[in-house]
Amino acid sequence: RYHHSTAAMLDVPFLPFCTFLGGLGLVCVAFVSAWCQHWRGGFAWDGTTRMFNWHPVLMVTGMVVLYGAAALVYRLPPARRGPKLPWKMLHSALALTAFGLTVVGLAAVFGFHNASGTPNMYSLHSWLGLATVLLFSCQVGACSGPPRPSPPRAAPSHLLSPQWVAGFSAFLLPYLPPWLRALYKPVHVFFGSTILMLSVASCVSGINEKLFFSLKNGTATTPYNRLPAEAVFANLLGLLIVLFGVLVLCALAKPDWKRPEGDSPDARQVPALLWGC
C-alpha cells in the first residue's frame, strides 16, 4: 500500500515536472547571486570578500543545478528512444561544464583565504565539500568524451583514480564486453546520486557557515539569532537547494521515466561508439 501511494504521488507528467524543476534551478542560481550581490558586496577577483562571493554562486550553479541537469538528460522523452550517442554527448558536456565551474569556485575560495590569511580546510563544510569535489572529479573522468578510433594513449599516473580507471575501462575502451559495462553502470549511477546529495549538503552547510561568520553578535547590525532579512533570504536559498536535490532524486527513481535498456539502437552500434554512462 505504501509503495502504491508513493508511486501515485510521483505520477505527474514529465514535461510540467521538468519545467518546474528547471525553473527551480534557475531560482536557486538567482537567489545565491542576489544574496552575494545585495548583502555580500558583489563580485571581483581581487582577493577580497568579493572574490569569495564567486564560490557559492559557482558551486550552486555547477555542483547542484548543472550536475542535476546532467543526471536527468536520459529522462528526457526524446532520449528514451533512438540513438543514445547525442544524449551521451550532452550528458558529458553538462558534467564537464559543471566541473569547470566547480574548479573556478574552489580557486575563488582558496584565493580569498590565502590573500586574507584565513586557514584552509578546517571546517566540516570544507571537508565535506572537498570530498564531494574529489568524487565529482572521478565521476566526470568516468563520463568524459567519446573515444578516438585509435587505441587511447596511457594517461599520466597522477591523473588516474580508481573510478576514473573503472569508468574509462567500462565505457571508453571499444572492445570491452557489454556485460562488463553493464556491471559498472550501477556503480556509476549510485555515485551520481551520492554526489548530488553530498553537493546539496555541502551547499547548505556552506550557507549556514557563512551566515554564522557574517552575522555574529557584535559585528552585525542584526545578529543571526534575530533573523535579519539576509538570514531569512539565505535560509530560503538553502531550502530551495534541498528541494531541487530531492526532486532530481525523485525523477531518477521514477521507473516510467527511465530509458528502456533492451531496445536501444546503441546496443547494435559499433563498439567504438559505446563511450557513455
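Contact between R40 and N53 at its shortest, heavy atoms only, is O-ND2, 3.0 Å. Across all their heavy atoms, V12 and K254 have their closest contact at O-CE, 4.3 Å. Between A115 and G47, the closest heavy-atom pair is CB-O, 3.6 Å. In plain terms, the two heavy atoms of P86 and P83 that are nearest each other are CD-O, 3.7 Å. Residues C203 and V60 approach most closely at SG-CG2, 4.0 Å, considering heavy atoms.
Interatomic distance, L90 CG to L85 CG, rounded to the nearest 0.5 Å: 11.5 Å. Atom CG in L130 sits 13.5 Å away from atom CZ in F136 (nearest 0.5 Å). L21 CG to F244 CZ: the interatomic distance, rounded to the nearest 0.5 Å, is 4.5 Å. For the atom pair CG of L196 and CG of L135, the computed distance is 12.5 Å after rounding to the nearest 0.5 Å. Note: T222 OG1 to L215 CG = 8.5 Å, rounded to the nearest 0.5 Å. Taken to the nearest 0.5 Å, the CG atom of L58 stands 8.0 Å off from the OG1 atom of T102.
When side chains are defined from C-beta on, F52 counts as touching K210, because their heavy atoms get closer than 4.5 Å. Contact of the F14 side chain with the R80 side chain is registered, since non-hydrogen atoms from C-beta on lie closer than 4.5 Å. Between T221 and P228, every side-chain heavy-atom pair lies at or beyond the 4.5 Å cut-off. Residues Y67 and L72 fail the side-chain proximity criterion, which asks for heavy atoms closer than 4.5 Å. In this structure the side chain of W87 reaches within 4.5 angstrom of the side chain of P78, judged on heavy atoms. Looking at heavy atoms from C-beta onward, L252 lies in side-chain contact with S193 at the 4.5 angstrom threshold. Put simply, the side chain of L66 reaches to within 4.5 Å of the side chain of L101, judged on heavy atoms. Looking only at side-chain heavy atoms (C-beta outward), N208 and V204 stay at 4.5 Å or farther from each other.
Side chain of H55 to backbone of A108: no donor-acceptor contact under 3.5 angstrom is found. Judged by distance alone, the side chain of H125 and the main-chain N or O of G206 form a donor-acceptor pair under 3.5 Å. A donor-acceptor pair under 3.5 Å links the side-chain atoms of S123 to the main chain of S126, judged by distance alone. Side-chain atoms of R75 never come within 3.5 Å of backbone atoms of A71 as a donor-acceptor pair (strictly under, hydrogens ignored). Between the side chain of S214 and the backbone N or O of L211, no donor-acceptor pair lies under 3.5 Å.
In this structure, a donor-acceptor pair under 3.5 Å is present between the side chains of N114 and N120. Donor-acceptor pairing under 3.5 Å is lacking for the side chains of H113 and T118.
Residues V189 and V248 do not share a hydrophobic cluster, defined by chaining ILVMFWY side chains whose heavy atoms lie under 4.5 Å apart. M59 and F213 fall into different hydrophobic clusters, where Ile, Leu, Val, Met, Phe, Trp and Tyr residues are linked whenever their side-chain heavy atoms come under 4.5 Å apart, directly or through other members. No continuous path of ILVMFWY side-chain contacts below 4.5 Å connects Y74 to L15, so the two sit in separate hydrophobic clusters.
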For residues 25-37, please give each side-chain donor-acceptor pair under 3.5 Å, one per line with the distance, not counting sequence neighbours.
from: S33; atom 1: OG; to: V29; atom 2: O; distance (Å): 2.8
from: W35; atom 1: NE1; to: E230; atom 2: OE2; distance (Å): 2.9

Legend entry - Verdict with supporting geometry, V246 and V242, side-chain contact (heavy atoms from CB on, under 4.5 Å): CA-CA 6 Å; V246 168; V242 171; 4.3 Å; yes

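For W127, the CH2 atom sits in a loose shell: 12 or fewer heavy atoms of surrounding residues, nucleotides or ligands are nearer than 6.0 Å. Around OH of Y122, the count of heavy atoms belonging to other residues, nucleotides or ligands within 6.0 Å exceeds 12.
Ring geometry for W257 against F17 counts as tilted: the plane angle lies between 30° and 60°, on a 0 to 90° scale.
A side-chain contact (heavy atoms from CB on, under 4.5 Å) with S202 is found for one member of L124, T132, I207 and no other, namely T132.
The aromatic ring centres of W54 and F43 sit less than 6.0 Å apart.
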